[in-house]
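Notes for the one structure printed next.
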Amino acid sequence: MVLFPFERECMPEIVLNLHMHTRYSDGAGLHADIAKAAMKAGLDAVIVTDHNVWVNGPAGYYKEGDRCVLLLVGEEIHDQARNPQKNHLLVFGAQRELAPYAYDPQLLLDSIARAGGLSFIAHPVDPAAPSVHEADISWVDWGVHGFTGLELWNGFSEFKSRIRTRLHAIYYAYFPRRIARGPLPETLHRWDDLLSAGKKVVAVGGSDAHSHHMRMGPLRRTVFPYEFHFRAINTHVFLPRSLGMDAAADSEMVLDALRQGHCFIGYDLPASTRGFRFTASGLGSSSEMGGELSCKGGVTIQIRLPRLAECVLIKDGTPIRTWRKHELCTFIASQPGIYRVEVYINYLGRRRGWIFSNPVYIK
Ligand SMILES: [Zn+2]
Ligand SMILES: [Zn+2]
């Protein structure tokens, strides 16, 4: 029997939810509430990102019974004086307050890099939803360089894109499982363009969880509680070793894996995406998501899905092969290119995005 490289190596996979707000900015809960909800949802780690404040203190392991979760504290930085509001940036691992540099996005990115942090463009395309007084908060300064990646799939931007009337807002507040279908097409195009321009841009999924209380006339509801988000759009990360109990060392390991793009976005609500693998092996070496490989002599791409689904292999932004109802997919690549995978699943009456991998770079 031939073993797939991922069956031989077996790197530990953790489920991480990132981009969420507490009462330190405009969220409804505290860090401890987030940790509790994360443990209930079965997450391994979360990254809290309040607006323009780095909350130094609550990071670390939280435990309850036999469950535990690693909580990291990052920040969502943007220039509050800017009108209209644009250019939100997620910052992880800088371990200091960098919000004062927000007035100049490039200066901010350079300061994050100097501090050893990671930077992800938050909700790169974020449409306005006038019926609920939500403005467009897209990223507009695309001339910048030196960011780690972007938030390819943001739960809240997608929600905004669906709200054409207040009735839509109420409907989706009561049936949140019907919202998610995949990253916005404009964001996917933007990512492919950046990759084609030779930039290594890591894609992550973010929930933008606030656990807001909504009031519309007599209706009151907590819209999208933290726990709902934590069962939805997650980032699955591959680590060189399992998480232990040293919060500082483990946090560094998680951030390092994110920096290298050893991760994929999984929409875990229809079915868990744990177990997805995408590897490429060539002459004497193999690579996982985020890695590079020479195409000399041909490269075997191997994809394993956690269950039967529709799998699309994309090269340089163009689909080159689709497998329907497959679990194991293989492809021989003889051309250099940037290869990535999208997986679709049927859920609640429609085809929805389930998995979006980071690329393997074949040179
Ligand atoms: Zn934002
Ligand atoms: Zn946010």
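FYI, side chains are in, hydrogens and waters are out, and symmetry mates aren't considered; it's all heavy atoms of this structure. As the structure is a prediction and not an experimental result, all values here were calculated from the model.
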Look at atom [atom1] of [X] and say whether more than 12 heavy atoms of other residues, nucleotides or ligands are closer to it than 6.0 Å.
X      : atom1 : result
Tyr347 : OH    : yes
Tyr172 : OH    : yes
Glu252 : CD    : no

Any salt bridge linking [X] with [Y]? Criterion: basic side-chain nitrogen under 4.0 Å from a carboxylate oxygen.
X      : Y      : result
Arg340 : Asp192 : yes
Arg190 : Glu186 : no
Lys86  : Asp79  : no
Arg241 : Asp250 : yes
Arg274 : Asp44  : yes

Could you verify whether a donor N or O on one side chain and an acceptor N or O on the other, from [X] and [Y], lie under 3.5 Å apart?
X      : Y      : value
Thr22  : Asp50  : yes
His236 : Thr273 : yes
Glu64  : Tyr62  : no

Taken in chain and number order and not counting sequence neighbours, the residues that satisfy salt bridge (Lys or Arg N to Asp or Glu O under 4.0 Å) with Glu97 are none
Applying ring pair (Phe, Tyr, Trp, His ring centres under 6.0 Å) to His21 and not counting sequence neighbours gives His19, His51, His210
Original post:
When the ring planes of Trp323 and Phe331 are compared, do they come out parallel, tilted or perpendicular, using 30° and 60° as the limits?
Top reply: perpendicular
Point to revise | Note, Lys200 side chain near Val202 side chain (heavy atom, < 4.5 Å) | key: no
* Asked: Do the non-hydrogen side-chain atoms of Val254 and Leu239 ever get within less than 4.5 Å of each other?
  -> yes
- Can you list the steps and then say if Ile121 with Trp142 is a side chain to side chain contact (heavy atoms under 4.5 Å, CB included)? CA-CA 10 Å; Ile121 289 177; Trp142 286 104; 3.8 Å; yes
Do any N or O atoms from the side chain of His326 and from the backbone of Arg324 form a donor-acceptor pair under 3.5 angstrom?
yes
Tightest non-hydrogen contact, residues Asn52 and Glu75, listed as C-OE2, 3.2 Å
When rounded to the nearest 0.5 Å, the distance separating CG of Leu293 from CD1 of Ile362 is 6.0 Å
